[in-house]
Amino acid sequence: MKFKERVFSGMQPTGSLHLGNYLGAMLKWIDLQKTHECIYCVVDLHAITVWQDPAELRQAIRQVTAAYIAAGLDPKKSVLFNQSQVSAHAELAWVFNCVARLGWLNRMTQFKEKAGKDREAASVGLYAYPNLMAADILAYRATHVPVGEDQKQHLELSRDIAQKFNNDFSDAIRSAGYDDGEFFPLPEPVIVGPATRVMSLRDGSRKMSKSEPSDLSRVNLTDDTDLIAKKIRKAKTDPEALPSEIEGLSGRPEAENLVGIYAALSGTAKSDVLSEFGGRQFSEFKPALADLCVERIGPIADETRRLMADPAEIDRVLADGAGRAHNIADPILGEVKDIVGLIRSAS
Ligand code: TYM
């Protein structure tokens, strides 16, 4: 079956978003919005797989929604909402808990990283997290999922779940009128561009992340212009000048990271950045990068703050998006229930 192209992606409302989220995912979300039907979610059910302060969580859901809009997502064009308002996500996740195999989840590296040494103390939700992610995508039969590199393994699992569902229920799927036996598409990861894995500004071997203790390790989408410039100025580098060719970046993770950030922010390739800055010292490159970062991120922070002044309006945007999400997901979930053999009310 040929599936209609549809984009789905999401971010967790835990702490403020950072440059890695923006360059690794959001820039692509904004691009895809021009050509595709897009559904962008604030994945609050994923956030509670580790304990969250309830008041802070509520605030973070609104903050991430405001950042989506401030960065350029149009809530009239795309569907923007928070996951917990659309019960199809949790319901389909249960079905997928019964389709996915323990062995598949045992291989998930993000669970191992997040659970740390004391795995017995991790929540069951944290373990089953990738099944909920598959449900997020497949509740809309989405075909394309723009994400950063770190989500690749989770997306492979989503494809495995879709495939196993199609196989396990192939007769029922055919009886429901899908002659080729394919109910779910195998969603494609969209991991493209010069910054699919943005690294910490303090250590080029670690991913830029919300959970890194040092705030200097990341540029937050809420930082003011002085702070953005300071963080870039203080970013770790090496003593060499920038190379003129891409090959010259190998073994220089900090240099490679900053060049990737510059390329993504300016909409060019790393090789273009090196043709411009090759042979120049970081003392010249960093101010140019700081200016670019301030120019691109500064307005997002300002607009987020402006939107946050009216939380009721943000809640209205989320409720409107949730209504539209329901309209797409509910009939799909209904068909899943029929295919699996559950009974639902006729209305
Ligand atoms: P999350 O909230 O950790 O990150 C949101 C998005 O930002 C990307 N990202 C990065 N990209 C490049 N460099 C970095 N340092 C960096 N840090 C984060 C992530 O790859 C992601 O695209 N499980 C997901 C959320 C999710 C989801 C989904 C995504 C839930 N359901 C369905 C897609 C489809 C997560 O925790 O992302």
Side-chain angles (χ1 to χ4, degrees), residues 6-30 32 38-50 52 60-61 63-64 67-68 71 81-84 86 88-90 92-93 96 108-111 113-114 125-126 128-159 161-162 187-212 217-221 253 256-257 260-261 264-265 325 329:
R6 183 177 276 155
V7 173
F8 182 95
S9 200
M11 301 211 182
Q12 294 197 60
T14 45
S16 65
L17 300 182
H18 54 69
L19 195 59
N21 300 127
Y22 181 65
L23 300 180
M26 252 191 210
L27 275 184
K28 278 166 269 170
W29 297 14
I30 296 163
L32 284 164
C38 296
I39 303 170
Y40 296 126
C41 188
V42 180
V43 293
D44 48 9
L45 295 175
H46 277 104
I48 60 168
T49 56
V50 293
Q52 305 291 330
I61 294 168
Q63 173 100 27
V64 169
Y68 280 6
F81 71 108
N82 58 312
Q83 189 184 28
S84 59
V86 181
H89 293 245
L92 187 57
F96 289 169
M108 295 295 112
T109 53
Q110 196 153 311
F111 173 75
E113 280 161 24
K114 286 200 176 169
L126 189 66
Y129 176 117
N131 295 344
L132 177 58
M133 185 161 159
D136 296 339
I137 300 163
L138 295 170
Y140 303 91
R141 285 207 182 117
T143 53
H144 292 81
V145 186
V147 285
E149 176 77 40
D150 60 345
Q151 295 302 315
K152 197 167 175 219
Q153 194 186 33
H154 286 158
L155 279 174
E156 279 160 12
L157 187 90
S158 297
R159 291 168 66 87
I161 289 175
E188 297 274 350
V190 182
I191 303 175
V192 288
T196 55
R197 188 174 174 82
V198 178
M199 308 309 280
S200 155
L201 298 177
R202 307 300 299 162
D203 177 353
S205 67
R206 295 170 68 87
K207 195 180 70 168
M208 184 178 284
S209 130
K210 295 167 193 167
S211 51
E212 186 69 30
S217 69
R218 62 187 162 260
V219 171
N220 300 304
L221 298 192
E256 176 156 30
N257 189 38
I261 292 173
L265 284 172

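In what follows, residues are counted from 1 in the order of the sequence shown. These numbers come from a predicted model, not from an experiment. The figures here come from the full heavy-atom set of this structure, side chains too, leaving out hydrogens, waters and symmetry mates. Counting convention: from 1, in listed order, for ligands and their atoms alike.
Listed by number with element, the atoms of ligand 1 under 4.0 angstrom from any heavy atom of K207 are 15 (N). Atoms of ligand 1 lying under 4.0 Å from any heavy atom of V145, numbered from 1 in the order shown and given with element: 33 (C), 34 (C). Close contacts between ligand 1 and Y129 involve ligand atoms 23 (N), 24 (C), 35 (C), 36 (O) [criterion: under 4.0 Å to a heavy atom]. Near G24, with a cut-off below 4.0 Å to any heavy atom, the atoms of ligand 1 are 11 (N), 12 (C).
The protein heavy-atom contact nearest to atom 9 (N) of ligand 1 is N21 ND2, 3.7 Å. Summary of contacts: the protein heavy atom closest to atom 25 (C) of ligand 1 is G10 O, 3.6 Å. Looking from atom 17 (N) of ligand 1 to the surrounding protein, the closest heavy atom is H18 CE1, 3.6 Å. For atom 28 (C) of ligand 1, the closest heavy atom belonging to the protein is M133 CG, 3.4 Å. Scanning all protein heavy atoms for the shortest distance to atom 10 (C) of ligand 1 gives G20 O, 3.4 Å. Atom 19 (C) of ligand 1 has its closest protein heavy atom at D150 OD1, 3.3 Å. For atom 37 (O) of ligand 1, the closest non-hydrogen atom on the protein side is Q151 NE2, 3.8 Å. With hydrogens left out, the protein atom closest to atom 13 (N) of ligand 1 is V198 N, 2.8 Å, a heavy atom.
For V147, heavy-atom contacts with ligand 1 shorter than 4.0 Å involve the backbone as well as the side chain. Counting heavy atoms closer than 4.0 Å to ligand 1, residue I137 contributes side-chain atoms (C-beta onward) but none from N, CA, C or O. In Q12, the parts holding a heavy atom less than 4.0 Å from any atom of ligand 1 are both the side chain and the backbone.
The aromatic ring centroids of F96 and H89 lie 6.0 Å or more from each other.
Counting only heavy atoms from C-beta outward, the side chains of I137 and L155 approach each other to under 4.5 Å. By the 4.5 Å heavy-atom criterion applied to side chains, K210 and R218 are not counted as neighbours.
Distance alone, capped at 3.5 Å, places no donor-acceptor pair between the T196 side chain and the I191 backbone.
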